[in-house]
Amino acid sequence: MAQLQRIAIAPSQLQQGQISLTKEQQHYLARVLRLREGDRFIAMDGKGKWWLTQLAGEQGQVLEPLVVETELPVSITLMVALPKGNGFDEVVRCCTELGVTTIAPVLSDRTLLQPSPQKLERWRRIAAEAAEQSERAFVPTILEPVAFSSSLSFENSHKYICEARGNFPHLKDCLPHQISKVEGITNDQGQMTNDQGLIIAIGPEGGWTQQEIDSAIAAGFQGVSLGRRILRAVTAPVVALSLVSAACEV
Ligand code: SAM
């Protein structure tokens, strides 16, 4: 099935086994991918469901549901202080490929970027494209940017704040022993919530202030290192996610 092209659809497009394709999707399938009447493709709703589908005019005819097992066994929320320029685009793309569940853009004391409302749409589009590309069953949720102080109230028992120069233990030594049993919980909308997953916070180019680290620790975050080198704000989330997936994937 790997060679079939995939397109993301909104759940509302599927009615009684028929997917009503948008004009853009019709254009993409017929003109860009050059599919013809009767050709097959995969439709994915970004919420865990995939269907083998056949092109039928302006519709997709669902042939059968497919089983997808590409998700990590643990849900991960990344709180990332917004880096300068377009750095966050790269964070969203790479972390989606690596299996992140939720990304919370955070405005910290040293954040330089004030994102425009269009940015959020752009990040969500990048997440959907990266999820298609990496054959994810779920498209990660990209939350509205929040102030660092509000993000501290995320409820969870496995919360980590990455600090480049603190004398903190390595993240790999702080992850729960039975990490794949630290499952996320699915809410009414079918989204994973992080009541029991992991939360990992990464700072901006200028790093966290001491006050931010202190208040995170007071809110139950554990300070962690990602190794002895100073990583760029865009590299650090990728390293953190790679460590988690190495610990929990078989
Ligand atoms: N300007 C800061 C300094 O010189 O200490 C470095 C900030 S770093 C470019 C951006 C963020 O990536 C940090 O706030 C931290 O969250 C994370 N980070 C980078 N390297 C790290 C490391 N070795 N261990 C833990 N976190 C790291």
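Counting starts at 1 for both ligands and their atoms, in listed order. Throughout, numbering of the chain's residues begins at 1 and tracks the sequence.
The pair E135-R6 counts as a salt bridge, with a side-chain nitrogen and a carboxylate oxygen less than 4.0 angstrom apart.
The nearest heavy-atom contact from the protein to atom 3 (C) of ligand 1 is R165 NE, 3.3 Å. Remark: minimum distance from atom 24 (N) of ligand 1 to any protein heavy atom is reached at L226 N, 2.8 Å. Ranking the protein heavy atoms by distance from atom 2 (C) of ligand 1 puts E205 O, 3.7 Å first. In this structure, atom 16 (O) of ligand 1 lies nearest to the protein heavy atom C162 O, 2.6 Å. At the top of the distance list for atom 23 (N) of ligand 1, counting protein heavy atoms only, stands R229 O, 2.7 Å. The protein non-hydrogen atom at the shortest distance from atom 13 (C) of ligand 1 is G203 N, 4.0 Å.
Here's the thing with A233: none of its N/O atoms is less than 3.5 angstrom from an N/O atom of ligand 1. Where the criterion is an N or O separation shorter than 3.5 Å, residue side chain and backbone included, G227 meets it with respect to ligand 1. For the pair V224 and ligand 1, the shortest N or O to N or O distance does not fall below 3.5 Å. At a 3.5 angstrom cut-off on N or O pairs, I202 does not count as close to ligand 1. Between R232 and ligand 1, no N or O atom pair is found at a separation short of 3.5 Å.
When heavy-atom distances to ligand 1 are checked against a 4.0 Å cut-off, A81 has no atom that comes that close, whether in backbone or side chain. Under 4.0 angstrom from ligand 1, there are no non-hydrogen atoms of R228. When non-hydrogen atoms are compared, ligand 1 lies under 4.0 Å from the side chain of A236 (C-beta onward) but not from its backbone.
The environment of E249 atom CD is dense: over 12 non-hydrogen atoms of other residues, nucleotides or ligands sit within 6.0 angstrom. For K49, the NZ atom sits in a loose shell: 12 or fewer heavy atoms of surrounding residues, nucleotides or ligands are nearer than 6.0 Å.
Residue contact check for ligand 1: G166 places no non-hydrogen atom closer than 4.0 Å to it.
Put simply, the side chain of E205 gets close to the backbone of K84: a donor and an acceptor are under 3.5 Å apart.
Using a 3.5 Å distance cut-off with no hydrogens or angles, the side chains of T209 and Q211 do not pair a donor with an acceptor. Side-chain atoms of D214 and Q210 form a donor-acceptor pair, as typed in the model, at a separation below 3.5 Å. Residues Q25 and Q13 have side chains that bring a donor and an acceptor to within less than 3.5 angstrom of each other.
Counting heavy atoms from C-beta on, the side chains of F138 and E71 come closer than 4.5 Å. Between L243 and H170 there is a side-chain heavy-atom pair separated by less than 4.5 Å. Using a 4.5 Å heavy-atom threshold, the side chains of I103 and T141 count as separate. Here the side chains of T53 and I19 are in contact, with some heavy-atom distance below 4.5 Å.
Of all the listed residues (G223, P204, P237), P204 holds the heavy atom that lies closest to atom 10 (C) of ligand 1.
Interface atoms of ligand 1 facing G206, defined by a heavy-atom separation under 4.0 Å, are 1 (N). Of all atoms in ligand 1, listed by their number and element, those nearer than 4.0 Å to a heavy atom of L231 are 8 (S), 9 (C), 19 (C), 20 (N).
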